[in-house]
Visitor: 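Sharing a structure here in structure tokens format.
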Protein chains: 2
Amino acid sequence: MVYPPPHTSAATCTTAMRSVRDALDLLGGKWKLPIILGLSEGPKRFKQLQRDVTGITAKMLSKELKELEMNGLLTRHVQADTVPVAVTYTLAPYGTTLYPVIGALHNWGQLHRHRIMHTGEDGHPAPSVPEAAAVPNVA
Amino acid sequence: MVYPPPHTSAATCTTAMRSVRDALDLLGGKWKLPIILGLSEGPKRFKQLQRDVTGITAKMLSKELKELEMNGLLTRHVQADTVPVAVTYTLAPYGTTLYPVIGALHNWGQLHRHRIMHTGEDGHPAPSVPEAAAVPNVA
DNA sequence: CTGTATCCATGGAGATACTG
DNA sequence: CAGTATCTCCATGGATACAG
């Protein structure tokens with residue numbers, strides 16, 4: 001066992017399930033987490049963000065940013081006195097609470113990539129799973 | 001700042017982005033993580049799993065289980081000598097490496113639920129975010 | 001630059017019925 | 001029980017053109 005399960009009883013599991021589903025509802029989809037990750041580098045403008053989040057279209061970026069802003073994960077600032085107008089998106093403090101999630105995903109993504117390399121895309125892998133990178137605590 | 005960002009430079013961010021996208025490709029969608037979570041309680045049969053993963057249809061469950069098995073996250077065992085046949089799904093060791101991911105999502109989901117309670121579904125919340133539950137390290 | 005509007009293709013996903 | 005087969009609807013999301 002690499003990690004103790006997040007629960008111990010069926011009742012706890014139900015609770016865990018709800019929380020995970022809640023998180024997934026907000027963060028699900030292809031783009032939400034990559035956008036957050038892009039903004040974790042610092043405030044960015046629309047075009048900059050579109051360059052950094054590879055493959056996203058303006059329509060999607062616009063829509064996702066709107067949702068993320070509504071959920072308080074980022075803030076939108078318009079510099080109207082310039083031409084053309086500049087719009088800057090900044091990760092809100094609440095958005096930074098997602099770092100543990102992104103960190104965990106990042107670590108697992110690397111682990112998985114490493115595993116793929118050694119098994120050729122699928123199948124039952126090396127018996128011993130390499131130690132995942134540390135996921136520091138928030139406390 | 002609640003947590004140090006998973007990177008420090010643009011180059012690091014690109015790498016992080018790739019890993020996160022890799023993870024999302026495998027774990028994305030409504031059901032994969034909830035299924036893993038359900039199986040973290042222990043081996044389960046098809047029907048049992050469908051009961052525990054609230055809302056999933058047999059078709060979806062079947063499809064998702066097939067994908068998760070192909071990726072080595074769980075194993076399928078058929079007890080053919082019984083009638084009716086019993087099929088059991090078990091979380092593979094590799095599947096347990098997802099606990100940190102699920103743990104992070106679970107903690108954040110709880111944090112978010114707590115936040116919702118205090119702000120009435122949206123908007124800019126209490127200035128100080130409540131401390132998230134600990135995300136224990138894998139080490 | 002920062003988007004929005006429109007059109008359109010794909011596939012995610014539910015309902016239902018059916019098989020071994 | 002443990003699925004598969006169809007049918008269908010609708011959200012996701014790309015391409016393109018347009019607007020402030």
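We use all heavy atoms of the structure for the numbers below, so side chains are in, but hydrogens, waters and symmetry mates are not. Every chain is numbered from 1 and lettered A, B, ... according to where its sequence line falls, protein lines coming before strand lines.
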Visitor: Starting from P on C:dA13, measure out to CD on B:E67 and report it in whole angstrom.
Guide: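 To the nearest whole Å, that distance equals 10 Å.
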
Visitor: Does one side chain, of A:D52 or A:Q48, offer a donor that lies under 3.5 Å from an acceptor on the other?
Guide: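 Checked: A:D52/A:Q48 side chains pair up, N/O donor to acceptor below 3.5 Å.
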
Visitor: Please report the distance, rounded to the nearest Å, between CD in B:Q48 and P in D:dA2.
Guide: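 For the pair B:Q48 CD and D:dA2 P, the rounded distance is 10 Å.
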
Visitor: By the 4.0 Å heavy-atom rule, please label B:K59 as base, sugar-phosphate, or nothing.
Guide: base

Visitor: Return the value, rounded to whole Å, for the distance between atom NZ of B:K66 and atom C1' of D:dT4.
Guide: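 Interatomic distance, NZ of B:K66 to C1' of D:dT4: 8 Å.
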
Visitor: Return no unless some side-chain N or O of B:T57 is found under 4.0 Å from OP1 or OP2 of C:dG14.
Guide: yes

Visitor: Distance check: side-chain N/O of B:Y89 vs OP1/OP2 of D:dC1, anything under 4.0 Å?
Guide: no

Visitor: Of the options B:L73, B:V87, B:I35, which is the one that meets B:L65 in a side-chain contact (heavy atoms from CB on, under 4.5 Å)?
Guide: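 The single option meeting the side-chain contact (heavy atoms from CB on, under 4.5 Å) with B:L65 is B:I35.
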
Visitor: Side chain of A:P84, heavy atoms from C-beta onward: which of C:dC1, C:dT2, D:dG13 has the nearest atom to it?
Guide: C:dC1

Visitor: Where the side chain of A:A58 is defined as all heavy atoms beyond and including C-beta, which of C:dA13, D:dT4, C:dT4 is the nearest nucleotide?
Guide: C:dT4

Visitor: On DNA chain D, does the nearest nucleotide to A:V85 precede the nearest nucleotide to B:K63 from the 5' side, or the other way round? Give the residue.
Guide: B:K63

Visitor: Could you check how far CG of B:L24 sits from P of D:dG13, rounded to whole Å?
Guide: 11 Å

Visitor: Would you say A:L24 and B:P34 make side-chain contact, with heavy atoms under 4.5 Å?
Guide: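 Answer yes - side chains close enough.
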
Visitor: Kindly state whether the ring of B:Y94 and the ring of A:W108 have centres lying under 6.0 angstrom apart.
Guide: yes

Visitor: Roughly, in whole Å, what's the span from CD1 in B:I56 to C1' in C:dG14?
Guide: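 So the CD1-C1' distance, B:I56 to C:dG14, works out to 12 Å.
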
Visitor: Is A:T82 near enough to C:dC1 that one of its side-chain N or O atoms lies under 4.0 angstrom from OP1 or OP2?
Guide: no

Visitor: Look at the side-chain N and O atoms of A:R51 and state whether any lies under 4.0 Å from the OP1 or OP2 oxygen of C:dC1.
Guide: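 No, outside the criterion.
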
Visitor: Kindly say whether B:T15 contributes a backbone atom to a donor-acceptor pair with the side chain of B:S19 at under 3.5 angstrom?
Guide: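 Here the side-chain-to-backbone pair exists.
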
Visitor: Could you state the CD-C1' distance from A:Q79 to D:dG20, rounded to the nearest angstrom?
Guide: 17 Å

Visitor: Could you give the CE-to-P distance, from A:M60 to C:dA5, as a whole number of Å?
Guide: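 From A:M60 CE to C:dA5 P: 14 Å.
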
Visitor: Would you say A:R45 reaches C:dT2's phosphate, i.e. side-chain N/O to OP1/OP2 under 4.0 Å?
Guide: yes

Visitor: Checking contacts here: which listed nucleotide (C:dT2, D:dG13, D:dG3) is nearest the side-chain heavy atoms of B:F46?
Guide: D:dG3

Visitor: Please state how far atom NZ in B:K47 lies from atom C1' in D:dC1, giving the value in whole angstrom units.
Guide: 8 Å

